[in-house]
Colleague: 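Here you go, one structure.
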Amino acid sequence: MLKSISYKIARWRLKRNTQRNFLIYCSVVVGLIGGLAAVALKYLVHLMEELSRNISTHLPYHIIYVFLPAFGILLTVAWQHLINRDKIQKGIGNVLINIKKNRSNIRSNNIYSHLITSSLTVGFGGSSGLEAPIVCTGAAIGSNFGKLFNLSPYEKTVLIAAGASAGIAAVFNSPIAGVLFALEILIGEITIPTFIPLLIASATGVVVAKVLYSRQLFHLVTDGWVMTALPFYVILGLLCGWTAVYITKVAGKLEKGIFTGQNRYIRAIGGGLILGFILMIFPALFGEGYHYLQEILNGNIDALKEESFFSQWLSNPWLMLLFIAALILMKIVAAGITIGSGGNGGTFAPTMFTGAFLGLFVAFAVNQTGLVHLNTSNFIAVGMAGALSGVLHAPLTSIFLIAEITGGYVLFIPLMIVSAISYIISRMFSKHNMYWHDLIHEKNIHPGQDYGMLNEITLDSIINHDFKVISKDMPVTDFYAILSNSKANIFAVLADEGHLEGVVWMDEIRKHLFKTVQKEDTVADIMVAPPATIDFYEPVSGVMDLFDGLDVWQLPVVKDEKFIGFVSKSALLNKYREVIISQHKQADIFAR
C-alpha cells in the first residue's frame, strides 16, 4: 500500500512539474514526524524519571540509584540484541558514515529503536543525553522518506539534516539552533537551497512540540552583562576550552566500551552498577541532569545537598566549590560509562551540564571572594555555550541555542567571546570535533565536500580494463612490436596467475629506444616496480590522495591480489567534474 501511495505521488509530481517544490513539501512532513518523535521521547523519559525518583524517595539513602541504571542499560542491551538484532546504529558518527559512505541510506528500524532504547537508558538514570538519539531518529525519518520517493543521495542528505534539525529544535524549542546544528555538524556547509528546507522542517518541529508538549527542558532567566564581568568571561572561555579537550578524550575512550572482553550482558550489569555507585555519591548526575540544572538556575544551590551523603559538609562554601568541581569532572565519566556499557545516549546533554556547572564554579568562586559580584545564571548559560562550542566545534549552534533558550540576545557578546575562546583552544588540540576525529583516523572518512563527492564515484567506473598482458620473459623486440600498435603509456607485467610483477613506463622505454637491443634483452630489463598499487575496495578519495602524494598520473589496480587494470588521474578528474556538475544541479532546487 505504501509503495502504491508513493507511486501515485511520484506521478503527480512529474505531471504537475512540481519537482522544484517537492523537497520543501518533504521537509514539512519530515519536520512534522521529527517533532512528534521528539515529543514522544521527552514524554517517555519524563515519565520514567518521575517513576524512578518516586521509588527512590521511599528508600533510605536513595539506594535504588545503585540498581536502576543497570536495569535500564540491561533492558537497552536486551532490546538491541534480541529484538533489534544489533541493527541499530547508535551515535551521530553513524549518521555521518551513512551520509558519506552509504548514499544517505539509513535503516528504517532506526526510526523507532532510538526512542525506545534511549528512554530506557536515560529514564532509569543513565547519565547521558537524548539529543544524539533524537538526531539519529530524525535522520532515519528523513532518509527513509527520501528512499520512499526514490530521491537522489543529495536530496536524502537534505532530508536527513531536516529530520535532525527538527528533532533538536523540538527538544530545545530553538528552531535556529536546530538548523545550524544540522548545517555545522551533518552537512558542513551553508547554502540557501539547503537552508530553506531545514528552516521549514525546524519550524514545523517546534510548532508540533509547543502544541503537544509545551514543557521545556529547563528555563534560563538571565540579565544583561556588565563590563566588570568581562575578564571572568575570558577565564570561563579558557576553562571551557580545556574542559572540552578533557570531555573529548575521556568520552572517546569510555564510549568505545568497558569490560570489552566480557559478554554484553555482563558489561551492561557491571557498567550499570559502577554508574549506580557514582550516582549514590553524586545524585545530581542522575539522567540528563536537567532537574538539578534548573534548581541552580533558580538560585537554589542548596538543592545539591538534598540527596548527597555530604550534605552536612556542603554548608561550607569552599567544600561546596570542591563538590561542584567533582561534578564537572564526573559527569562525562558517568556518561562514558553509560554508553560504553551498552546504553543509548549522547554527550550533548552531558556537555551542556558540564559547561553549566563550570559557569557556576567560576561565578560561585568569584562571589565568595567578595571582590565583585557575578550573575550566576549568566555564567551558567554562557558556560553551556562554551562547552558545546569546544566539544562540537560548532560555535554558531552553541551561541544561538543559548540565545534562543534565554529568550533574547542580552548575553550575545559574552556568548561570542566564550564560545570563540573555547573553540580556538579545542582546535589547538584536535582539528576536528569528537564525531569526525574517530571517523577520520579509524575509517578514513573525511568531512570535506571534496571527499564526499569523490566517494560518490565508484572505482570500477574509471578503471581502464583494456590492457595488453606481457610477461617479464618476453623479448624486448616482441614488446616493441606490441608498443608500435598501442596508444598506452604504461604496461603491466604479469605472472601466469595474474599477479602484478611490475610495470613498464613510456619514460623508461625512451631510455632504451636508441640503444642496441640484444637478443637476450627481455621486459624484465626495462620494467620497474610501481610506486604504489590501488586496492579495488579503496575509496576514491584515498586514490586521489595517492595520486597527489606520489605525483603520478597512472597506477595499477589490484583486486584480491590480481591485476585488473589501470586508473589514470585524468579519468578521475573528468569523473569528478561530472559529479560536481550533477550535485550543483541537484542542490539548486529552484533551478529545476
Colleague: Looking at Y43, I'd like to know if its OH atom is crowded, meaning that more than 12 non-hydrogen atoms belonging to other residues, nucleotides or ligands lie closer than 6.0 Å.
Modeller: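 Counting neighbours around OH of Y43, 12 or fewer heavy atoms of other residues, nucleotides or ligands fall under 6.0 Å, so no.
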Colleague: Give a yes or no on whether the backbone of A394 and the side-chain of N433 come within a donor-acceptor separation of less than 3.5 Å.
Modeller: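 Judged by distance alone, no pair lies under 3.5 Å.
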Colleague: Hey, can you pull the donor-acceptor pairs under 3.5 Å for the side chains in residues 351-359, sequence neighbours left out?
Modeller:
residue	atom	partner	partner atom	Å
T351	OG1	T347	O	2.6
T354	OG1	P350	O	2.7

Colleague: With a 4.5 Å heavy-atom cut-off, do H291 and E49 have their side chains touching?
Modeller: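 Counting from C-beta outward, H291 and E49 never come under 4.5 Å.
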Colleague: Show your reasoning for whether side-chain contact (heavy atoms from CB on, under 4.5 Å) applies to I534 and V558.
Modeller: CA-CA 6 Å; I534 298 169; V558 175; over 6 Å; no
Colleague: Any donor and acceptor pair, going by atom type alone, linking the side chain of T121 with main-chain N or O of G343 inside 3.5 Å?
Modeller: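 Answer holds: no.
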Colleague: Testing the basics here: between G342 and T76, what is the closest heavy-atom pair and its distance to 0.1 Å?
Modeller: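 Smallest heavy-atom distance, with atoms named: O-CG2, 3.7 Å.
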Colleague: Please determine whether the number of non-hydrogen atoms from other residues, nucleotides or ligands lying under 6.0 Å from atom NZ of K249 exceeds 12.
Modeller: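 No - once you tally the heavy atoms of other residues, nucleotides and ligands closer than 6.0 Å, there are 12 at most.
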Colleague: Can you find a pair of side-chain heavy atoms, one from L388 and one from T397, that are under 4.5 Å apart?
Modeller: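 Not in contact.
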Colleague: Could you tell me which residues satisfy ring-ring contact (aromatic ring centres under 6.0 Å, His included) with Y423, sequence neighbours excluded, listed by chain and number?
Modeller: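 Here the qualifying residues are H393.
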Colleague: Between N98 and N102 (side chain of the first, backbone of the second, donor and acceptor by atom type, cut-off under 3.5 Å), is there such a pair?
Modeller: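 No.
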Colleague: Over all heavy atoms of both residues, which pair between G205 and A170 is shortest? Give the atoms and the distance, please.
Modeller: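 Looks like O-CB, 3.5 Å.
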Colleague: Looking at side-chain heavy atoms only, is the closest gap between F547 and L573 below 4.5 Å?
Modeller: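 Counting from C-beta outward, F547 and L573 never come under 4.5 Å.
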Colleague: So how far is it from I33 CD1 to T137 OG1, rounded to the nearest 0.5 Å?
Modeller: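 These two atoms lie 12.0 Å from each other.
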Colleague: Counting C-beta onward and ignoring hydrogens, is there a side-chain heavy-atom pair between L279 and V66 closer than 4.5 Å?
Modeller: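 Side chain of L279 against side chain of V66, heavy atoms only: no contact under 4.5 Å found.
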Colleague: Run Y246 and F429 through side-chain contact (heavy atoms from CB on, under 4.5 Å) and show every step you take.
Modeller: CA-CA 10 Å; Y246 165 78; F429 290 90; over 6 Å; no
Colleague: How far apart are the closest heavy atoms of A161 and L198, and which atoms are they?
Modeller: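 Result for this residue pair: CB-CD1, 3.9 Å.
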Colleague: Is there a donor-acceptor contact under 3.5 Å linking the side chains of S118 and N344?
Modeller: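 No, no side-chain donor-acceptor pair sits under 3.5 Å.
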Colleague: Just so I know, are the side chains of F22 and L151 near enough to count as touching, which here means a heavy-atom distance under 4.5 Å?
Modeller: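 SC-SC contact between F22 and L151 confirmed.
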Colleague: Ignoring hydrogens and angles, tell me if any N or O in the side chain of S119 forms a donor-acceptor pair with the backbone of L115 under 3.5 Å.
Modeller: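 Yes.
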Colleague: Any non-hydrogen side-chain atom of L392 less than 4.5 Å from a side-chain atom of Y435?
Modeller: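 A side-chain contact under 4.5 Å exists here.
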Colleague: Nearest 0.5 angstrom please: I88 CD1 to R107 CZ, how far?
Modeller: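 Rounded to the nearest 0.5 Å, the CD1-CZ separation comes to 11.0 Å.
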Colleague: So, for S128 and E288, which heavy atoms are closest and what is the spacing to 0.1 Å?
Modeller: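 That closest heavy-atom pairing would be O-CG, 3.5 Å.
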Colleague: So, taking the atom named CD1 in I168 and the one named CD in E131, what distance separates them when rounded to the nearest 0.5 Å?
Modeller: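 It is 5.5 Å, given to the nearest 0.5 Å.
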Colleague: Are the side chain of T243 and the backbone of L239 linked by a donor-acceptor contact shorter than 3.5 Å?
Modeller: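 Side chain of T243 to backbone of L239, a donor-acceptor pair under 3.5 Å: yes, one is there.
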Colleague: Before giving the answer on side-chain contact (heavy atoms from CB on, under 4.5 Å), spell out for L254 and V250 the whole-Å C-alpha distance, their side-chain angles and the decisive distance to 0.1 Å.
Modeller: CA-CA 6 Å; L254 289 175; V250 172; 3.8 Å; yes
Colleague: Could you pull out all residues at least two apart from I97 that satisfy side-chain contact (heavy atoms from CB on, under 4.5 Å)?
Modeller: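 Residues passing side-chain contact (heavy atoms from CB on, under 4.5 Å) with I97: N94, K101, L439, K443, I445.
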Colleague: When rounded to the nearest 0.5 angstrom, what is the spacing between SG in C136 and CD1 in I106?
Modeller: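 So the gap between those two atoms works out to 7.5 Å.
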Colleague: Measure centre to centre between the rings of F286 and Y292, then say whether the value is under 6.0 Å.
Modeller: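 When the ring centroids of F286 and Y292 are compared, they turn out to be at least 6.0 Å apart.
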Colleague: Quick one: closest heavy-atom pair of A38 and G167, and the distance?
Modeller: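 Taking every non-hydrogen atom into account, CB-O, 4.0 Å.
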Colleague: Check the pair M544, L572 against side-chain contact (heavy atoms from CB on, under 4.5 Å), reporting the backbone distance first and the verdict last.
Modeller: CA-CA 8 Å; M544 181 60 86; L572 176 53; 3.6 Å; yes
Colleague: Are K156 and N105 linked by a side-chain donor-acceptor pair shorter than 3.5 Å?
Modeller: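 Note: K156 and N105 side chains meet the donor-acceptor criterion.
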Colleague: Short question: side chain of S202, backbone of L199 - any donor-acceptor pair under 3.5 Å?
Modeller: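 A pair under 3.5 Å: no.
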Colleague: For V207, enumerate each residue passing the side-chain contact (heavy atoms from CB on, under 4.5 Å) test, keeping only those at least two apart in sequence or located in another chain.
Modeller: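 V207 satisfies side-chain contact (heavy atoms from CB on, under 4.5 Å) with V211 only.
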Colleague: Ring pair (Phe, Tyr, Trp, His ring centres under 6.0 Å): which pairs involve residues 92-134, sequence neighbours left out?
Modeller: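 Applying ring pair (Phe, Tyr, Trp, His ring centres under 6.0 Å) to every pair that reaches into residues 92-134, excluding sequence neighbours, yields F71-F124.
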Colleague: Nearest 0.5 angstrom please: L74 CG to F67 CZ, how far?
Modeller: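 Rounded to the nearest 0.5 Å, the CG-CZ separation comes out at 13.5 Å.
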Colleague: Are the side chain of S127 and the backbone N or O of A334 linked by a donor-acceptor pair below 3.5 Å?
Modeller: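 No; judged by distance alone, with no hydrogens or angles, the pair does not exist.
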Colleague: Starting at OG1 of T533, measure out to CD of E561 and round the result to the nearest 0.5 Å.
Modeller: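 Reported to 0.5 Å precision, the distance equals 10.5 Å.
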Colleague: Between S419 and S389, what is the shortest heavy-atom contact and its length?
Modeller: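 Scanning both residues completely, I find the closest heavy atoms to be O-OG, 2.9 Å.
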Colleague: Can you confirm whether L120 sits close enough to M48 that some side-chain heavy atom of one is under 4.5 Å from a side-chain heavy atom of the other?
Modeller: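 SC-SC contact between L120 and M48 confirmed.
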Colleague: Using side-chain heavy atoms (C-beta onward) and a distance below 4.5 Å, is I141 in contact with N144?
Modeller: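 Side-chain contact under 4.5 Å: no.
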Colleague: Which donor-acceptor pairs under 3.5 Å do side chains of residues 256-275 form with protein atoms, sequence neighbours excluded?
Modeller:
residue	atom	partner	partner atom	Å
K256	NZ	E442	OE2	2.8
N263	OD1	Y265	N	2.7
R264	NH1	D86	OD1	2.8
R264	NH1	D86	OD2	3.4
R264	NH2	D86	OD2	3.2
Y265	OH	H81	ND1	2.7
R267	NH1	Q262	O	2.9

Colleague: Keeping the roles fixed (side chain from E155, backbone from L23), state whether a donor-acceptor pair exists under 3.5 Å.
Modeller: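 The answer is no, because no donor-acceptor pair under 3.5 Å joins these two groups.
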